[in-house]
Novice: 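Before I ask anything, let me first share the structure, which is written out below as structure tokens.
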There are 2 protein chains.
Amino acid sequence: MDWKTEISAAQARVAGHTQVTPVMESTGLGLDYPVELKLEQLQHTGSFKARGAFNTLLSQDVPTAGVVAASGGNHGAAAAFAARSLGFPAKIFVPEMAGPSKIALIRRIGADLSVVPGEYANALSQAQAHEGATGAMQIHAYDAPATVAGQGTCFAEWQGQGLQADTVLVGVGGGGLIAGALAWFGGARKVVAVEPETSCALNAALRAGSPVDVSVSGIAANALGARRIGSICFDLAQGMTSVLVTDEAIAQAQARLWQAHRILVEPAGATALAALTSGVYQPEPGERVAVLVCGGNIAPDPLEV
Amino acid sequence: MDWKTEISAAQARVAGHTQVTPVMESTGLGLDYPVELKLEQLQHTGSFKARGAFNTLLSQDVPTAGVVAASGGNHGAAAAFAARSLGFPAKIFVPEMAGPSKIALIRRIGADLSVVPGEYANALSQAQAHEGATGAMQIHAYDAPATVAGQGTCFAEWQGQGLQADTVLVGVGGGGLIAGALAWFGGARKVVAVEPETSCALNAALRAGSPVDVSVSGIAANALGARRIGSICFDLAQGMTSVLVTDEAIAQAQARLWQAHRILVEPAGATALAALTSGVYQPEPGERVAVLVCGGNIAPDPLEV
């Protein structure tokens with residue numbers, strides 16, 4: 001697939017539907033070097049997922065039954081938002097682990113929502129059953145070309161905003177976002193995959209030589225807890241640098257973003273930064289680094305009463 | 001005073017000490033028109049106040065007794081941060097109304113802090129007494145040329161980042177920030193002052209024809225609750241547009257920023273936006289508007305346990 005062409009086409013498609021999210025160079029994070037940040041948690045519905053959802057709906061014919069998505073929360077909110085914006089009905093399945101904050105977000109958007117016991121995989125199988133029964137279009141959370149191309153617009157946009165970094169760190173769940181990064185940069189910049197030790201589908205797949213099932217838990221699990229890495233991501237990820245961080249390191253990075261910059265994110269949104277603040281990834285002298293801040297749907301919601 | 005020259009000099013002075021804060025054009029705030037935002041709450045210590053503090057310390061000889069500041073919280077944190085960065089001792093006086101979240105922030109920075117019963121004016125008189133007794137240098141929160149020029153760098157920076165707006169809305173407490181806006185733009189763009197109905201020193205002064213004392217209360221009082229507008233601001237503000245918003249409108253704007261963009265701010269930080277979301281300020285057809293998001297030190301601290 002000619003990913004650069006796909007992502008450029010996606011960028012034209014989603015323009016005006018997604019936010020151009022701001023970028024900054026932070027010198028306040030307590031590191032010896034500056035870090036470029038892209039604040040993608042300011043995207044509509046609080047994560048990059050809106051990009052893939054809009055690209056999917058705008059690049060394909062949507063049936064009258066509308067769309068269906070399974071999600072740990074963020075993708076469901078994005079799919080619901082994109083569907084509402086474009087006038088399609090949406091049916092969203094989330095696992096209980098999505099938590100009350102993300103569930104409330106999806107309800108606020110107005111989607112038809114089912115909360116499924118257990119983990120993400122259970123929500124996915126119900127979404128697939130709904131797709132089969134109704135003919136609704138599935139918006140896959142990470143392992144479909146239109147999703148990956150949509151997420152790739154985040155990095156195309158960043159490059160247009162003057163990204164300087166040699167190395168871009170990205171948190172990984174099912175792999176849609178980092179597949180977009182790898183697809184867009186195509187080796188022109190180093191991409192580093194950062195996963196929680198407790199939810200590391202990509203790292204496990206790279207070690208095993210093929211996608212394998214992993215168990216998922218920990219503080220970022222509702223966003224990053226994919227049981228198996230997407231195949232598109234796995235193919236693009238060959239030979240890449242993959243690092244793991246502890247839940248404690250994620251929580252510390254989350255606190256650092258808040259205390260230094262009043263950037264409040266969910267644990268998944270701080271996972272990539274955690275590789276730097278914990279020292280798990282140490283840039284070489286002169287290596288310029290960037291971190292994609294990917295999600296802000298924290299629980300509990302600080303303004304919910 | 002040649003404010004443009006002063007502000008340009010300040011911008012050169014504070015470069016590398018303050019953050020260049022990011023900007024974005026928001027289409028997600030539920031308004032019929034886009035709004036340019038500058039996310040100045042991402043500044044070191046969570047508000048624009050770091051600009052004035054650094055400019056003050058970098059443009060004057062600092063005595064060995066160090067610096068002293070009185071503050072509702074944000075200015076004190078900024079003064080403490082700037083002093084620590086530059087190696088000066090700092091003594092900070094805050095009123096009780098600063099609240100535990102801002103008090104903890106100042107303590108974390110490491111300043112010598114005194115919490116004074118009552119409102120801001122009481123902290124200011126203690127700071128003045130300390131200045132007299134020790135020879136420490138007072139960093140005024142809003143009514144000194146170096147402070148105003150420092151805050152003005154926020155708007156010089158924004159212009160350099162491609163600000164398009166015809167009209168820039170700014171929240172007002174003692175008037176340092178909006179004085180910086182008026183000083184920088186010098187009539188080239190319309191500046192709108194937005195104050196809480198319950199803390200409206202500028203609006204009252206403009207009505208009375210001179211600075212007058214007002215009572216201060218409401219949800220933004222610890223940041224915007226100046227009893228009397230600064231004289232520099234008052235002089236620059238002649239003939240400007242001044243609007244008032246309710247506490248309810250401020251809280252709604254605060255919720256809007258969070259729900260739409262995961263931008264979490266204190267009430268003062270949402271006050272300028274509240275003029276738009278409440279309809280108190282309605283742009284003319286074609287009038288492009290911008291909002292300075294000025295402070296993020298919310299209480300209670302969502303990550304404090």
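Model, not experiment: these values are computed from the prediction.
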Novice: If you compare all heavy atoms of A:Pro302 against all heavy atoms of B:Trp258, which two are closest, and at what distance to 0.1 Å?
Specialist: CD-CZ2, 3.5 Å

Novice: In this structure, are over 12 heavy atoms from other groups packed under 6.0 Å from A:Gln161 atom CD?
Specialist: yes

Novice: With rounding to the nearest 0.5 angstrom, report the CD1 to CG distance, A:Ile298 to B:Leu264.
Specialist: 9.0 Å

Novice: Do you know which two heavy atoms are closest between A:Pro22 and B:Leu39, and how far apart they sit?
Specialist: CG-CD1, 4.0 Å

Novice: Can you confirm whether A:Glu287 is buried at CD, in the sense that more than 12 heavy atoms of other residues, nucleotides or ligands lie under 6.0 Å from that atom?
Specialist: yes

Novice: To the nearest 0.5 Å, what is the distance between CZ on A:Arg262 and CD on B:Glu40?
Specialist: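 So the gap between those two atoms works out to 14.0 Å.
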
Novice: Chain A: which of B:Thr27, B:Thr21, B:Ile263, B:Leu105 shares the most heavy-atom pairs with it under 4.5 Å?
Specialist: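 Counting heavy-atom pairs under 4.5 Å, the top option is B:Thr27.
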
Novice: Below 4.5 Å, heavy-atom pairs only: which of B:Leu257, B:Asn297, B:Val23 has the largest tally toward chain A?
Specialist: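 Of the candidates given, the most pairs with chain A belong to B:Asn297.
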
Novice: Would you name the heavy atoms of B:His261 and A:Leu42 that are closest together and state the gap between them?
Specialist: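 Here B:His261 and A:Leu42 meet closest at ND1-O, 2.8 Å.
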
Novice: Listed by chain and number, what are the salt bridge (charged side-chain N to carboxylate O under 4.0 Å, His left out) partners of B:Arg288, not counting sequence neighbours?
Specialist: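 For B:Arg288 the salt bridge (charged side-chain N to carboxylate O under 4.0 Å, His left out) partners, ignoring immediate neighbours, are B:Asp166.
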
Novice: Answer yes or no: is there a donor N or O on one side and an acceptor on the other, between the side chain of A:Gln19 and the main chain of B:Glu25, under 3.5 Å?
Specialist: yes

